[in-house]
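Quick notes on the structure that follows.
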Number of protein chains: 2
Amino acid sequence: MSDLLARLRGRGWRMTSQRRVVAEVLDGDHVHLTADEVHARAARRLPEISRATVYNTLGELVTLGEVIEVSTDGRAKRYDPNAHRPHQHLVCSNCGTIRDVHPTGDPLTDLPVEERFGFAVSQVEVTYRGLCPSCARPTPAVPGAHSAT
Amino acid sequence: MSDLLARLRGRGWRMTSQRRVVAEVLDGDHVHLTADEVHARAARRLPEISRATVYNTLGELVTLGEVIEVSTDGRAKRYDPNAHRPHQHLVCSNCGTIRDVHPTGDPLTDLPVEERFGFAVSQVEVTYRGLCPSCARPTPAVPGAHSAT
DNA sequence: TCTTGACTTGGACTCTGTCTATCGTAGGAT
DNA sequence: ATCCTACGATAGACAGAGTCCAAGTCAAGA
């Protein structure tokens with residue numbers, strides 16, 4: 001992600017302060033922010049940035065393959081900048097915290113031909129669920145209090 | 001699913017015409033309807049049924065473990081009555097058609113302890129994606145034209 | 001049949017996300 | 001350094017999915 005801005009410029013992306021801020025907000029490991037969270041963080045540095053711009057920019061980053069869209073609950077999509085290393089997600093059933101995980105093996109091989117119904121299967125998403133260490137403790141975190149880091 | 005109504009009554013469910021119709025609409029294999037689709041089909045038999053009741057009833061069926069909530073796209077949740085046989089989902093990337101599939105092996109065992117971050121992992125959801133036979137053909141189905149059966 | 005609390009209803013409301021018309025500006029041309 | 005203009009940003013209206021609430025209805029036990 002560090003040289004993301006350079007890659008984008010190389011692809012002919014017009015560099016604006018808004019796009020720069022959005023790209024910078026989406027930096028780090030285990031980052032899974034919603035569009036609104038991205039907007040809030042971007043607005044701390046660029047108060048006049050609009051929601052539409054955040055949505056547009058996130059959509060472009062997804063199209064360019066620099067960011068992955070994740071929807072682990074039925075609610076807002078989350079944006080994962082860890083797009084260059086294949087991974088799956090581990091989600092706390094209580095507080096919603098998400099971690100990137102790397103299972104062994106290839107889940108594609110687990111789907112027999114007779115279970116493919118003639119589909120040309122090309123992709124697999126795996127979501128593991130369970131209680132995170134904090135929520136497994138006697139005083140669990142309140143639901144919905146996703147730390148969003 | 002056939003004796004669902006009996007099971008529900010046995011659990012103390014108050015049986016109303018609305019609940020009966022919703023439960024009956026959700027019957028069959030490879031059924032993955034959205035709440036709105038359930039409402040539309042229920043309304044064919046019970047025109048005055050309200051959206052709120054459909055949402056309430058679906059929520060109760062999910063809580064009781066009789067129906068599974070599936071969100072394969074970022075849009076409306078779908079409701080899968082095939083709750084008593086563990087399975088995963090195969091989704092057409094073009095038209096959205098969903099099939100229930102049964103992979104071999106247990107995906108849980110593919111997540112090493114050092115990749116669990118202290119979580120008590122208890123559940124795995126796998127979504128396979130690819131083109132269905134119709135969409136792989138020269139004249140593909142239009143996107144979004146999910147047949148909803 | 002009566003009673004009552006659970007269920008249903010319609011509509012307002014929230015949350016996510018998209019669209020559009022208008023304004024602003026990055027960056028190449030001069 | 002300045003000018004141009006097409007691309008990008010903005011505010012706000014709009015749409016889809018889902019939740020909430022007060023008031024009315026009715027299933028089923030007494």
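These numbers come from the heavy atoms of this one structure, side chains and all, not from hydrogens, waters or symmetry mates. Below, chain A is the first sequence line, B the second, and so on; all start at residue 1.
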May I ask you to verify if any side-chain N or O of [X] is less than 4.0 angstrom from the OP1 or OP2 atom of [N]?
| X | N | answer |
| --- | --- | --- |
| Tyr55(B) | dT19(D) | no |
| Thr16(B) | dT8(C) | yes |
| Ser50(B) | dT8(C) | no |

Gap between atoms [atom1] and [atom2], on [X] and [N] respectively (whole Å):
| X | N | atom1 | atom2 | answer |
| --- | --- | --- | --- | --- |
| Asp36(B) | dT19(D) | CG | C1' | 14 Å |
| His39(B) | dA17(D) | NE2 | P | 14 Å |
| Ile49(A) | dA11(D) | CD1 | P | 10 Å |
| Asp73(B) | dA17(D) | CG | C1' | 12 Å |
| Met15(A) | dG27(C) | CE | P | 7 Å |
| Trp13(A) | dG27(C) | CH2 | C1' | 16 Å |
| Arg19(B) | dA6(C) | CZ | P | 11 Å |
| Arg78(A) | dG17(C) | CZ | C1' | 15 Å |

Closest-nucleotide ordering on DNA chain D, the 5'-leading residue of Asn56(B) and Thr34(B):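 Closest to the 5' end, via its nearest nucleotide, is Thr34(B).
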Distance (rounded to the nearest 0.5 Å) between Arg85(A) CZ and His102(A) NE2: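 Output value for this atom pair is 3.5 Å.
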Within this structure, what is the OH-CG distance for the pair Tyr128(A) and Leu90(A), rounded to the nearest 0.5 Å?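 It is 9.0 Å, given to the nearest 0.5 Å.
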Evaluate whether atom CZ of Arg45(B) has more than 12 neighbouring non-hydrogen atoms of other residues, nucleotides or ligands under 6.0 angstrom away.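 More than 12 heavy atoms, drawn from other residues, nucleotides or ligands, come within 6.0 Å of this atom.
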5'-most by nearest nucleotide on DNA chain C - Arg51(B) or Ser17(B):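 Result of the comparison: Ser17(B).
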Could you tell me whether Glu66(A) and Arg11(A) make a salt bridge, using a distance below 4.0 angstrom between a side-chain N and a carboxylate O?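 Yes, this pair counts.
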Go through [options] for me and flag the one nearest to the [X] side chain.
| X | options | result |
| --- | --- | --- |
| Lys77(B) | dG18(D), dT9(C), dT8(C) | dG18(D) |
| Arg14(B) | dG18(D), dT8(C), dC26(D) | dC26(D) |
| Gln18(A) | dA9(D), dC19(C), dT9(C) | dA9(D) |
| Ala35(B) | dG18(D), dT16(C), dG8(D) | dG18(D) |

Counting C-beta onward and ignoring hydrogens, is there a side-chain heavy-atom pair between Arg129(B) and Val121(A) closer than 4.5 Å?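 In short, these two side chains do not touch, never coming nearer than 4.5 Å.
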Classify the nucleic acid contact of Ala76(B) as base, sugar-phosphate or nothing, counting any heavy atom under 4.0 Å across all strands shown.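 Counting heavy atoms under 4.0 Å across all strands, the contact made by Ala76(B) is with sugar-phosphate only.
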